[in-house]
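Have a look at the structure below, then the notes.
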Amino acid sequence: MKIGFFGGSFDPPHRGHIALARLAMERLGLDRVLFAPVGIQPLKRDRAQAGYADRVAMTRLAIEHVPGFEVSPVDAPRADGRPNYTVDTLRSLRATLAHDDQIFFLMGADSFLGIDKWYRAADLLISCDFAVAARPGFDLGRLTGALPGAISVASCDAEQSDVLVLCLRSGSRGESRLYLLPDLDEEVSASSVRAMLHHGADAVRVLDPAVGGWIRKHGLYREKKD
Ligand code: ATP
């Protein structure tokens, strides 16, 4: 099976997340996409605003009508309270899959442009294939410049004509593929959604109605009045 792994804060899940996962599923022929809300994101100093259980519930509501989309607990908060490092998460995920399942790590261009700061980035980059989608304001053309020095890039033969693909290599340690999805154009972020909700605006254009309902019912992202 071809499995998409889509990690993130999903604080809250919005239209951009769904559009990215749909595009990757269609272009790469994925059988399943696993949305994995992260317990503690190592590089986001301002921790998630909604708790893990709310983010899981909202993500479930945002995807439940899409066949093949699922919520995965693989990146749940750790028992020891440490941040969730993606190399560890992928190792745990692989242990739950069949031997010949292929993992595609889905992300937006903004995340990939910071990949060299991730823990054990070179090991991560050859541990599975990657699918990186365009995001307004972030240049997909700069992706290869963002790779750690231990990774070299070569062209690969594309199996499909509508997907751009590069081969990533790390010496003799291995090889993976980097698929580029340039035709996503979703001008939305979770931080802009939170800012709207904080000031009492609704965000109906960018949130699933069921997610909006959960946020209202549980009073999330509202300005705290002491
Ligand atoms: P925040 O604004 O709080 O930083 P976010 O909107 O980037 O949040 P995350 O849950 O942190 O959402 O993102 C999870 C993944 O989804 C990341 O890889 C990110 O690049 C990608 N992503 C989120 N929104 C978009 C978008 N509008 N276009 C392309 N990729 C996106």
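Every number for a ligand or one of its atoms is a count from 1 in the order of the listing. All values below come from the heavy atoms of this structure, side chains included, with hydrogens, waters and symmetry mates left out.
The option with the heavy atom closest to atom 21 (C) of ligand 1, from among A19, S192, P12, G108, is G108. With distances taken over non-hydrogen atoms, the option nearest atom 12 (O) of ligand 1 out of R55, H17, R15, R135 is H17. Counting only non-hydrogen atoms, the option in G114, A190, S111 that gets closest to atom 19 (C) of ligand 1 is S111.
Evaluation of the side chain to side chain donor-acceptor pair (under 3.5 Å) test over residues 80-91, restricted to residues two or more places apart or in two chains, returns D75-N84, D75-T89, R78-D80. For residues 135-145, the set of pairs meeting the salt bridge (Lys or Arg N to Asp or Glu O under 4.0 Å) definition, not counting sequence neighbours, comprises D110-R135.
Residue H14 approaches ligand 1 through these ligand atoms, each under 4.0 Å from one of its heavy atoms: 6 (O), 23 (C), 24 (N). Residue contact check: M107 has heavy atoms under 4.0 Å from atoms 18 (O) of ligand 1. Listed by atom number, the atoms of ligand 1 under 4.0 Å from G8 heavy atoms are 10 (O), 14 (C). When each atom of ligand 1 is checked for a heavy atom of G7 under 4.0 Å away, the hits are 14 (C), 15 (C). For ligand 1, the atoms closer than 4.0 angstrom to any heavy atom of R194 are 3 (O).
Listed for the D123 side chain is no donor-acceptor partner under 3.5 Å among the backbone atoms of R120. At distances below 3.5 Å, not a single donor-acceptor pair connects side-chain atoms of S176 with backbone N or O atoms of S127. Judged purely by atom type and a 3.5 angstrom limit, T59 uses its side chain to pair as donor or acceptor with the backbone of R55. Listed for the R15 side chain is no donor-acceptor partner under 3.5 Å among the backbone atoms of D208. Of the possible polar contacts, one joining the S72 side chain to the V74 backbone as a donor-acceptor pair under 3.5 Å is found.
Electrostatic pairing of D183 and R27 counts as a salt bridge here, judged by a charged N lying under 4.0 Å from a carboxylate O.
At a 3.5 angstrom cut-off on N or O pairs, F10 counts as close to ligand 1. For ligand 1, the polar-atom distance check against E186 finds a nitrogen or oxygen pair separated by under 3.5 Å.
Between F6 and F10, the angle of the ring planes goes over 60°, which puts this pair in the perpendicular group of the 30/60° scheme.
The two residues I151 and S170 come nearest to each other via the heavy atoms CD1-CB, 3.9 Å.
Residue S9 places a heavy atom less than 4.0 Å from ligand 1. For P136, the heavy-atom gap to ligand 1 stays at 4.0 angstrom or more. Residue contact annotation: F6 has a non-hydrogen atom under 4.0 Å from ligand 1. Not a single heavy atom of E187 sits closer than 4.0 Å to an atom of ligand 1.
The side chain to side chain contact (heavy atoms under 4.5 Å, CB included) test with F69 is passed by exactly one of R60, R32, R22: R22.
For atom 2 (O) of ligand 1, the closest heavy atom belonging to the protein is S191 OG, 2.5 Å. In this structure, the protein non-hydrogen atom closest to atom 4 (O) of ligand 1 is K44 NZ, 3.1 Å. Ranking the protein heavy atoms by distance from atom 30 (N) of ligand 1 puts L20 CD1, 3.4 Å first. Closest to atom 20 (O) of ligand 1 among all protein heavy atoms lies D110 OD1, 2.6 Å.
Only the side chain of L184 comes within 4.0 Å of ligand 1, judged by heavy-atom distances. Neither the backbone nor the side chain of Q41 comes within contact range of ligand 1; no heavy atom lies under 4.0 Å.
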Quiz item: Does the pair F104 and F130 meet the rule for a ring pair (Phe, Tyr, Trp, His ring centres under 6.0 Å), with working shown?
Solution: CA-CA 5 Å; F104 295 78; F130 282 73; 9.9 Å; no
